[in-house]
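Note that the numbering runs from 1 along the sequence shown for the chain.
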Amino acid sequence: MFGINKKKKVRRERARQFKAESTESPVRALIKKIGLWPAIVTVAFFALAMVISLSGDPGIPYALNQRIDQPIVARVSFGVDDSALDRSNKHSARESVPNYYRVNSEFIDRIVGERELSAMFEAAQAPTLEGFKEKAREYSWNAHDYVYNLLNNANEATRGSFSESLEQLKEDLLLEQTALPSDQLKREPPSTSVDAIIQMPGTDGGNVADRRLRTVELIRISSTPALEGRVWKLAQRFSQQLRPAIREFLLEVLSKEPILVYDQERTQNAMIVAERNAPRGRRLFEGGKPFVFPHNRPNEEGDGNLDTGITHAELAHLHAEHNAFQEFLASDDPSAIHAREQRLFESLGVGAILLILSISMFAYVGLYQPRVFEVRTRSVAFAGLLLVSMIAIRLIVARLPHAEFALTPVLLVAAILTIAYPPRFAAGVTVIYIAVVALMIRADLGAFITMLTGGYVVAIMLNDIRTRTKVLSVGMLAGLLVMVTSFAFGLIDHQEVGFAFRRAVIGAGSAILSALIIQGTLPFIERFFRVATSLTLLEYRDANRPLLRRLAHEAPGTFNHSLVIGNIAETACNAIGADGLLAHVGALYHDIGKIPKAEYFAENQEASINRHDKLAPSMSLLIILGHVKDGLELAKEYGIPRVLYPFIAEHHGTTVVKFFHHRASEKQPQIASGKHDRQVDEAEFRYPGPKPASKETAVLMLCDGVEGAVRALAEPTPGRIEGIVSQVLQARLKDGQFNECDITLRELHLVEESLVKSLCRFYHGRVAYPKGDGSKDEAKKSKSTDRSKLAG
């Protein structure tokens with residue numbers, strides 16, 4: 001009974017576990033499948049991409065000379081500075097300033113003073129008429145006889161009356177309104193004011209309040225009838241006998257010089273103040289109404305205008321409307337609250353699409369390039385590259401008028417991804433990344449296809465940089481296709497040909513600029529992402545590199561062995577679509593760790609000397625195993641690319657050093673039966689690894705194993721070579737040395753065939769020479785020479 005209950009309990013537990021697994025949430029199942037760290041990277045990238053997409057000034061989607069099909073409606077009321085209106089307001093303000101005058105007091109004093117009327121009275125006291133006339137000629141008077149007779153016989157009463165008349169004349173002249181015509185004044189622009197302002201002199205030497213007159217009341221000194229009327233009134237202050245002479249005198253002097261003198265300095269200062277206080281020239285636009293129109297609309301006369309696209313003034317209006325709308329959104333207006341709600345919904349839509357793209361991108365990375373997530377710094381660098389370029393694009397779009405300027409960071413990302421990762425993977429990531437950028441900048445179809453064209457060309461064609469001009473040639477090709485694509489979409493959008501061509505040239509220039517940047521920063525990109533382009537690998541394949549020269553000098557046998565391995569490894573990798581150049585260069589450096597103790601390795605030993613004969617197997621094992629560690633240290637010391645490190649560390653994997661394992665087993669004490677007391681564990685004689693993690697290092701392992709085995713054959717016939725290759729491959733396969741890489745059995749078969757062909761070319765058999773007159777020693781020498789040539 002107890003057993004039955006226990007079975008029921010187990011079944012119920014299994015049922016609950018199955019139910020829990022079957023009802024597991026999709027999110028939890030996805031996280032469990034891809035791992036926690038990739039999920040964290042995806043969420044972090046999405047959050048930061050959202051911040052970048054929604055922050056900053058989005059700018060306006062219009063450019064100078066761009067054609068529009070529909071009128072653009074103002075979202076809010078706004079005003080713009082109108083320079084023409086501002087100049088008009090300032091001009092009107094200057095015109096409205098009245099003319100300022102001051103009374104010519106010196107001229108008035110001269111008229112009534114000692115050189116004029118008063119002097120005339122004193123001169124008339126001369127004893128003779130001739131004396132009076134002589135004095136008149138000195139002062140340029142008209143010496144009338146009746147004036148002389150009247151003034152010469154004047155008594156004290158007449159003298160007092162004349163002096164009183166002079167004082168009254170002076171007062172009248174202070175209020176006189178004779179002036180130069182306004183068109184003769186040094187003023188620009190002329191005054192349109194109906195008034196004139198006169199600065200009156202004070203009796204105490206100071207200034208009294210300004211006197212304002214209507215401009216029409218001023219009397220021009222060139223207007224003889226008006227001047228005669230004024231002179232007649234002024235002469236009424238004198239006796240009837242003197243009036244004709246006084247009128248004649250005043251008419252002559254007042255027609256030559258005005259009483260009111262134009263004050264240019266004061267007028268100019270007033271115009272400056274008026275201009276400064278003039279109302280600012282602004283043009284107001286009402287929200288909800290169009291403010292930018294297509295230029296081919298019919299005007300009031302009924303004829304159409306040539307559509308040259310958005311003008312400078314209209315572009316300024318668009319920027320002003322945009323800035324006003326941004327300020328409006330930050331206000332507490334009820335309409336602004338509604339607009340912010342609409343923007344929130346828009347942001348939610350952007351977030352939803354961006355989340356889908358983020359998940360798609362990093363799921364794609366997890367499926368086709370999982371090594372990105374294996375090292376956290378690598379995944380952070382991958383996401384950081386995309387985010388930094390998004391920030392750059394956001395700044396470019398906000399400050400530059402054309403979206404084509406954003407091509408430079410887009411193509412930089414495509415190029416860096418292609419350099420750091422396989423081209424197919426880089427192309428896929430580039431497509432998703434461009435979709436993210438297009439969403440961020442709200443690009444239209446034309447801009448999206450243009451970016452996609454340039455990015456895809458770079459991602460596909462920049463996969464193998466073997467020459468210094470490869471980057472520039474790819475950049476120029478991408479620029480050409482970008483220019484064609486951009487120009488074509490410009491024509492589709494009915495843009496003016498010049499405008500479409502200008503945008504196309506900007507796109508091409510951005511593509512070429514990205515190529516120049518990549519060309520200059522290529523070494524830093526390789527070092528940062530720990531990759532090496534074919535150009536760098538070709539440089540390190542050169543036998544004159546310091547480390548290879550040292551290998552050839554101190555370990556010539558190992559150097560020759562590496563040369564052979566490099567050739568056959570490159571051929572084998574090319575047969576399965578792997579990176580043959582990388583395998584070749586990796587093979588050249590895979591045994592550099594033998595340099596410090598070159599004499600302990602068979603290929604560098606003389607025929608009769610083997611240093612391991614005097615060493616215990618365990619000590620020999622330490623020396624053999626140490627060449628891997630020594631190789632990594634030498635690689636760091638000489639600064640070779642890190643992409644070559646796996647060839648040094650993985651070319652033996654965790655295989656057994658069989659020679660010394662067998663030697664150690666043979667040296668174990670024997671029991672009576674003849675068997676050894678104990679079997680030596682193979683684990684003690686294995687390389688520390690790691691196992692090959694790439695196809696290239698796996699091929700190198702096979703090449704290293706079969707080359708040494710074939711070289712040891714006495715008669716390397718094709719059949720024997722094929723058998724050796726098959727034996728080594730099967731041994732490595734059964735030993736699990738390929739468990740960490742993605743090489744397939746079919747690819748191993750192709751590698752096997754390639755190795756057999758290559759080794760047969762290197763180690764083919766020789767035809768026996770016929771016996772001749774030569775001695776046996778010479779025949780042996782010839783045979784030894786031939787064998788050494790076969791060995792490379």
(request) Only pairs at least two apart or in different chains count here, so list each side-chain hydrogen bond (donor to acceptor under 3.5 Å, both in side chains) that has a residue in residues 422-439. (result) S389-Y433
(request) Report the residue from V41, V365, V429 that forms a side-chain contact (heavy atoms from CB on, under 4.5 Å) with V372. (result) V365
How long is the straight-line distance from [atom2] of [Y] back to [atom1] of [X], given to the nearest 0.5 Å?
{"X": "S55", "Y": "R394", "atom1": "OG", "atom2": "CZ", "result": "6.5 Å"}
{"X": "E321", "Y": "I60", "atom1": "CD", "atom2": "CD1", "result": "9.0 Å"}
{"X": "T450", "Y": "L407", "atom1": "OG1", "atom2": "CG", "result": "7.0 Å"}
{"X": "L472", "Y": "Q519", "atom1": "CG", "atom2": "CD", "result": "4.5 Å"}
{"X": "L357", "Y": "F46", "atom1": "CG", "atom2": "CZ", "result": "10.5 Å"}
{"X": "T453", "Y": "L481", "atom1": "OG1", "atom2": "CG", "result": "7.0 Å"}

Considering non-hydrogen atoms only, spot the tightest contact between [X] and [Y] and give its length.
{"X": "A93", "Y": "S96", "result": "O-OG, 2.7 Å"}
{"X": "C741", "Y": "A693", "result": "CB-C, 3.6 Å"}
{"X": "M50", "Y": "G351", "result": "SD-CA, 3.3 Å"}
{"X": "R187", "Y": "T267", "result": "NH1-CG2, 3.4 Å"}
{"X": "T311", "Y": "L64", "result": "C-CD1, 3.6 Å"}
{"X": "A274", "Y": "V97", "result": "CB-CG2, 3.5 Å"}

(message) Please enumerate all residues that pass side chain to side chain contact (heavy atoms under 4.5 Å, CB included) together with R94, with sequence neighbours excluded.
(response) P189, Q268, M271, E275
Between [X] (side chain only) and [Y] (backbone N and O only), is there a donor and an acceptor less than 3.5 Å apart?
{"X": "E696", "Y": "D579", "value": "yes"}
{"X": "D86", "Y": "R280", "value": "no"}
{"X": "T521", "Y": "I517", "value": "yes"}
{"X": "Q66", "Y": "A63", "value": "yes"}
{"X": "E747", "Y": "T744", "value": "yes"}
{"X": "S486", "Y": "G507", "value": "no"}

May I ask you to test the [X]-[Y] pair for a side-chain heavy-atom distance under 4.5 Å?
{"X": "L535", "Y": "K470", "value": "no"}
{"X": "L644", "Y": "L582", "value": "yes"}
{"X": "V457", "Y": "V482", "value": "no"}
{"X": "V73", "Y": "V292", "value": "no"}
{"X": "Y421", "Y": "F382", "value": "yes"}
{"X": "T485", "Y": "L452", "value": "no"}
{"X": "L513", "Y": "L411", "value": "no"}
{"X": "S514", "Y": "I518", "value": "no"}

(request) Report yes or no: do S694 and T697 form a side-chain donor-acceptor pair below 3.5 Å? (result) yes
(request) Carefully, step by step, assess L85 and N89 under the rule side-chain contact (heavy atoms from CB on, under 4.5 Å). (result) CA-CA 6 Å; L85 181 59; N89 289 346; 3.9 Å; yes
(request) Go through the steps for E526 and T536 under the test side chain to side chain donor-acceptor pair (under 3.5 Å), then give the verdict. (result) CA-CA 9 Å; E526 292 179 325; T536 301; 2.8 Å; yes
(message) Please list all pairs meeting ring pair (Phe, Tyr, Trp, His ring centres under 6.0 Å) that have one or both residues in residues 437-463, counting only residues at least two apart or in different chains.
(response) none
(request) Not counting sequence neighbours, list each pair that qualifies as a ring pair (Phe, Tyr, Trp, His ring centres under 6.0 Å) and has a residue in residues 465-511. (result) H402-F499
(request) Let me see the working for F78 and F291 under ring-ring contact (aromatic ring centres under 6.0 Å, His included), right down to the final yes or no. (result) CA-CA 10 Å; F78 69 99; F291 69 104; 5.2 Å; yes
Give a yes or no on this: more than 12 heavy atoms of other residues, nucleotides or ligands lie within 6.0 Å of atom [atom1] of [X].
{"X": "R340", "atom1": "CZ", "answer": "yes"}
{"X": "Q70", "atom1": "CD", "answer": "no"}
{"X": "M476", "atom1": "CE", "answer": "no"}

(request) Quick one: list whatever passes ring-ring contact (aromatic ring centres under 6.0 Å, His included) with F328, sequence neighbours left out. (result) none
(message) Using the ring-ring contact (aromatic ring centres under 6.0 Å, His included) criterion, which residues pair with H317? Sequence neighbours excluded.
(response) F285
(message) Before you tell me yes or no, could you show the steps for L477 and S473 under side-chain contact (heavy atoms from CB on, under 4.5 Å), namely the whole-Å CA-CA distance, both residues' side-chain angles and the distance that decides it to 0.1 Å?
(response) CA-CA 6 Å; L477 177 60; S473 61; over 6 Å; no
What pairs of residues pass the salt bridge (Lys or Arg N to Asp or Glu O under 4.0 Å) test when at least one of them lies in [range], not counting sequence neighbours?
{"range": "residues 375-392", "result": "none"}
{"range": "residues 402-420", "result": "E404-R503"}
{"range": "residues 434-450", "result": "E346-R442"}
{"range": "residues 40-52", "result": "none"}

(message) Apply side-chain contact (heavy atoms from CB on, under 4.5 Å) to residues L480 and M483 and explain how you reach the verdict.
(response) CA-CA 5 Å; L480 177 62; M483 185 170 66; 4.1 Å; yes
(message) Between I465 and L462, does the side-chain contact (heavy atoms from CB on, under 4.5 Å) criterion hold? Intermediate values first, please.
(response) CA-CA 6 Å; I465 306 176; L462 203 64; 4.1 Å; yes
(message) According to salt bridge (Lys or Arg N to Asp or Glu O under 4.0 Å), who are the partners of D493, at least two apart in sequence or on a separate chain?
(response) none
(request) For R371, check salt bridge (Lys or Arg N to Asp or Glu O under 4.0 Å) against everything at least two apart and list the hits. (result) none
(message) Looking only at the aromatic ring of each residue, does the gap between the centers of Y364 and Y368 stay below 6.0 angstrom?
(response) yes
(request) Please determine if R67 and E496 form a salt bridge, counting it only when a charged side-chain N lies under 4.0 Å from a carboxylate O. (result) no
